[in-house]
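So you know, we letter chains A, B, ... as the sequences are listed, proteins then strands, and number each from 1. As the structure is a computational prediction, the values presented were derived from the model and not from experiment.
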4 protein chains.
Amino acid sequence: MTGPHPSRPHTGRRRNDAAREAILDATFELLAGGHTAGVTIDAIAEAAAVGRQTIYRWWPSKGAVVAEALARQGRRLAPVRDSGSAAADLTSFLTDSFVALQDPGMVHALRELAAAAQQDEHAAQVLQDFTAQRRAELRALLARGQHRGEFDAAADLDMLVEMAYGVLWYRALISRDPLDSGAAGRLSAQILIAARKVQE
Amino acid sequence: MTGPHPSRPHTGRRRNDAAREAILDATFELLAGGHTAGVTIDAIAEAAAVGRQTIYRWWPSKGAVVAEALARQGRRLAPVRDSGSAAADLTSFLTDSFVALQDPGMVHALRELAAAAQQDEHAAQVLQDFTAQRRAELRALLARGQHRGEFDAAADLDMLVEMAYGVLWYRALISRDPLDSGAAGRLSAQILIAARKVQE
Amino acid sequence: MTGPHPSRPHTGRRRNDAAREAILDATFELLAGGHTAGVTIDAIAEAAAVGRQTIYRWWPSKGAVVAEALARQGRRLAPVRDSGSAAADLTSFLTDSFVALQDPGMVHALRELAAAAQQDEHAAQVLQDFTAQRRAELRALLARGQHRGEFDAAADLDMLVEMAYGVLWYRALISRDPLDSGAAGRLSAQILIAARKVQE
Amino acid sequence: MTGPHPSRPHTGRRRNDAAREAILDATFELLAGGHTAGVTIDAIAEAAAVGRQTIYRWWPSKGAVVAEALARQGRRLAPVRDSGSAAADLTSFLTDSFVALQDPGMVHALRELAAAAQQDEHAAQVLQDFTAQRRAELRALLARGQHRGEFDAAADLDMLVEMAYGVLWYRALISRDPLDSGAAGRLSAQILIAARKVQE
DNA sequence: AGTTAATCGAGACGGTACGTCAGGTCTTGGC
DNA sequence: GCCAAGACCTGACGTACCGTCTCGATTAACT
């Protein structure tokens with residue numbers, strides 16, 4: 001029986017946040033690494049230089065770890081900007097989001113997460129919360145445009161947001177069509193049309 | 001491991017199609033049954049009163065069976081109609097599609113399929129083919145409207161189709177929001193706006 | 001997966017006896033190998049080039065495997081002979097038995113078995129059966145002497161047998177004193193005294 | 001893990017010998033409790049209202065604790081008496097020893113100890129020392145008889161002692177035959193025969 | 001009608017990953 | 001400064017499925 005990993009000392013009875021970070025980092029790296037075989041708890045534990053039990057102590061299942069690791073990473077990409085033009089902001093936000101997913105690792109991670117969420121209630125919950133937050137950000141972007149008069153006051157912003165993210169996830173999970181800036185532009189264009197004009 | 005020699009005519013016992021049907025039926029029932037634990041090959045074989053090897057003889061993996069079982073079922077729901085009004089046809093098609101997924105078994109099956117497709121290349125292929133075909137049907141519906149002059153000649157039909165199916169799958173897999181007729185109507189409305197008016 | 005239908009004979013693949021042999025051989029080798037760490041199921045499976053499940057399919061616990069492996073080996077050593085003199089037979093039997101346990105591997109194996117039996121009901125049962133059989137053999141040896149008039153007709157053969165095996169196991173498990181031929185001779189002598197003369 | 005035991009507060013910087021006693025008491029109680037699952041360090045620590053580290057501070061391993069707890073208890077049972085007749089003393093000593101082990105808890109504890117000793121060098125050492133001491137006591141009893149002329153001057157006292165304890169442990173660990181006073185009497189009788197008469 | 005060979009249900013096989021349990025080490029904070 | 005509490009790493013456990021490999025029985029086409 002050996003002691004803890006040499007470079008990361010134990011912290012005692014309190015939770016060791018370094019271990020938590022190491023687990024989430026290792027999980028994301030494995031996810032993005034595109035390893036054909038699904039990411040396993042063993043692999044995460046080994047990559048994080050952590051005991052398996054430490055993972056199970058803080059997360060109820062593998063899916064929950066995967067979900068949290070990816071949600072954490074997702075928040076760092078595709079920030080919402082405010083340039084004064086909601087139309088421009090929408091386009092650049094969608095372009096950023098799509099382009100970030102051109103990294104094969106990111107799509108792969110997204111797919112692993114989606115797969116985990118279908119089989120794991122905890123992962124589903126984390127995914128639901130994360131995407132709800134992302135939708136709220138995009139909705140706020142559109143609401144700004146609506147206030148400024150760029151968009152119709154009666155525009156169904158919630159549905160427009162769903163359409164935007166719907167296409168993103170549909171391409172990532174189902175059709176596997178490329179998530180390039182061209183697609184982002186065309187998607188953005190359709191949403192803007194619908195946002196500007198509710199009735200003839 | 002190889003098949004019969006090509007120069008020698010086939011003499012052995014022929015494939016039992018009843019077994020094939022039983023496998024697909026049992027698979028779909030298990031999918032729709034909403035069993036918490038993921039559908040397993042063992043469960044399918046037992047439910048179909050079939051040996052495991054019989055499944056592996058005809059499908060390359062579990063995902064492929066799941067995908068085929070579900071695709072077969074999917075084709076029976078939500079037929080495309082032609083009433084003369086593409087707008088009306090779109091709305092009723094989307095409503096039919098959404099409402100069919102209000103059956104908890106159907107959504108559950110869809111989720112299992114999506115999960116399988118993320119980890120199984122065969123399932124991914126079947127899912128891609130199936131959804132491409134469904135998109136083609138919806139696109140044809142919109143194209144009819146375009147030819148009749150209901151929609152703008154320059155409308156980006158492909159993207160509109162993606163937006164429609166995107167919302168459907170997004171609700172089914174990610175947000176788990178209800179797939180009710182209200183949502184179908186709102187979605188239909190946004191698509192019609194974008195289809196009718198490309199530019200001011 | 002349930003068992004075969006009672007009205008239909010067994011049709012599945014038969015048990016692979018080579019695997020059974022390999023498991024028992026590997027177990028005994030590991031036992032005798034004197035590996036400090038207790039023999040594990042993983043180690044047995046790997047040494048036997050067998051899946052872990054194959055072990056669990058046929059034995060209820062690790063202890064049961066260990067017990068069977070050792071009992072099988074034990075039967076091959078220290079055969080009971082019949083030279084015409086029960087006294088000589090007893091001495092040579094005890095000497096053979098002790099000397100066989102001078103092999104460090106054999107004692108080690110015996111200790112592992114005893115340890116397993118204290119914690120595992122299955123192993124305890126196998127050990128009990130095995131030792132009962134060994135006692136019966138030794139008792140038969142003494143009974144021959146009794147019939148021939150070498151020993152007192154009222155001698156308590158059962159207790160004498162227990163005393164013989166008691167010393168053997170006591171040295172192996174508790175005192176760890178050497179199991180040499182000297183000890184065997186002294187033990188044999190005491191038993192012969194008690195066997196010959198019940199009362200003054 | 002519950003809170004600290006209410007009746008034994010921390011003692012601060014000074015070493016708490018009450019903790020040591022509590023650990024040995026709790027260990028023996030758990031051993032004798034006959035809990036199916038092997039006694040664990042966690043269970044001992046909890047029962048003794050002690051931190052795990054406090055156990056490891058004073059004992060090198062679980063086996064050592066178990067061994068010491070049982071040896072301490074063993075010394076309190078089956079005292080050697082001196083009635084003037086070594087034969088009578090032997091019989092009553094063996095009867096006392098056997099009967100003490102009719103308590104299921106005691107046999108269970110003995111088995112746990114034996115199991116621990118096979119896998120733990122520390123426990124083996126404690127067991128060896130303890131049993132050596134017990135043998136010495138019994139040998140002294142027999143030596144008194146020898147000096148008084150009750151037994152043959154050439155009697156092999158060491159082997160006789162081994163035979164007595166051998167039967168005790170053999171019944172406890174291997175055959176699981178009852179350790180009743182009848183068996184003790186029969187065993188005592190055989191030993192006395194051998195002790196009295198070395199040769200015709 | 002008999003021969004031939006591929007199919008069938010059944011289930012044992014070698015594996016991989018799971019989630020749990022226990023052992024022994026180390027740190028924190030209370031007393 | 002001792003001690004409870006408990007987080008930590010390690011590693012074995014027994015289970016669940018996977019996909020493959022026999023078995024003996026069945027059955028359809030070709031003799």
Side-chain angles (χ1 to χ4, degrees), chain A residues 1-5 8-16 19 37-38 40-43 45 49-58 60-62, chain B residues 1 3-4 8-16 19 37-38 40-43 45-46 48-57 60-62, chain C residues 1-5 8-16 18-19 37-38 40-43 45 48-58 60-62, chain D residues 1-5 9-16 19 37-38 40-43 45-46 49-57 60-62:
Chain A
M1 298 290 158
T2 63
H5 195 264
R8 181 168 43 68
H10 286 176
T11 55
R13 66 191 292 184
R14 293 260 195 256
R15 175 167 189 182
N16 186 350
T40 70
I41 288 277
D42 267 305
V50 143
R52 242 194 337 281
Q53 193 63 40
T54 300
I55 299 178
Y56 286 113
R57 212 188 325 267
W58 302 112
S61 67
K62 188 180 66 165
Chain B
M1 70 140 273
R8 185 179 38 71
H10 176 275
T11 57
R13 182 180 181 175
R14 292 301 157 81
R15 175 171 188 179
N16 183 354
T40 69
I41 288 279
D42 268 306
E46 188 178 356
V50 142
R52 253 201 318 280
Q53 190 62 41
T54 302
I55 298 178
Y56 286 111
R57 217 185 320 266
S61 68
K62 186 180 71 163
Chain C
M1 286 285 163
T2 60
H5 194 271
R8 189 179 36 66
H10 176 275
T11 56
R13 184 177 182 175
R14 297 300 163 74
R15 176 169 188 181
N16 183 356
T40 70
I41 289 277
D42 266 305
V50 143
R52 245 198 328 283
Q53 193 61 44
T54 300
I55 299 177
Y56 286 114
R57 212 186 327 265
W58 301 111
S61 67
K62 187 180 67 165
Chain D
M1 290 285 164
T2 61
H5 195 272
H10 290 176
T11 55
R13 62 197 303 178
R14 284 178 299 280
R15 201 176 77 172
N16 189 348
T40 69
I41 286 281
D42 268 305
E46 187 177 357
V50 141
R52 255 202 315 274
Q53 190 59 42
T54 302
I55 299 178
Y56 285 111
R57 216 186 319 269
S61 69
K62 185 180 73 160

Expressed as a whole number of angstroms, how long is the span from [X]:[atom1] to [N]:[atom2]?
{"X": "C:R13", "N": "E:dG14", "atom1": "CZ", "atom2": "P", "result": "8 Å"}
{"X": "C:Y56", "N": "F:dA12", "atom1": "OH", "atom2": "P", "result": "11 Å"}
{"X": "D:K62", "N": "E:dA22", "atom1": "NZ", "atom2": "P", "result": "9 Å"}
{"X": "B:Q53", "N": "E:dA6", "atom1": "CD", "atom2": "P", "result": "15 Å"}
{"X": "C:N16", "N": "E:dG15", "atom1": "CG", "atom2": "P", "result": "13 Å"}
{"X": "D:I41", "N": "F:dT10", "atom1": "CD1", "atom2": "P", "result": "20 Å"}
{"X": "A:W58", "N": "E:dT20", "atom1": "CH2", "atom2": "C1'", "result": "17 Å"}
{"X": "A:D42", "N": "E:dG15", "atom1": "CG", "atom2": "P", "result": "17 Å"}

Whether [X] contacts [N] is assessed here as follows: a side-chain N or O lying under 4.0 Å from the phosphate OP1 or OP2. Is that the case?
{"X": "B:R57", "N": "E:dT7", "answer": "no"}
{"X": "C:T54", "N": "E:dG14", "answer": "yes"}
{"X": "B:R52", "N": "F:dC18", "answer": "no"}

Roughly how far apart are C:W58 CH2 and C:R15 CZ, rounded to 0.5 Å? 5.0 Å
Roughly how far, to the nearest 0.5 Å, is NZ of C:K62 from OG1 of C:T40? 7.0 Å
Toward the 5' end of DNA chain E, which comes first, B:A48 or C:R15, by nearest nucleotide? B:A48
By nearest heavy atom, map D:P60 and B:G51 onto DNA chain E; which one lands nearer the 5' end? B:G51
Using a heavy-atom cut-off of 4.0 Å across all strands, would you classify B:A49 as base, sugar-phosphate, or nothing? sugar-phosphate
Residues in side chain to side chain donor-acceptor pair (under 3.5 Å) contact with A:S61, at least two apart in sequence or another chain: A:D120
Suppose we screen for side chain to side chain donor-acceptor pair (under 3.5 Å). Which residues come up paired with C:N16, at least two apart in sequence or across chains? none
Identify the heavy atoms of A:A45 and A:G51 that sit nearest to each other, and give their distance. CB-C, 4.3 Å
Among the nucleotides E:dG29, E:dC13, F:dA4, which one has an atom lying closest to any side-chain atom of C:A19? E:dC13
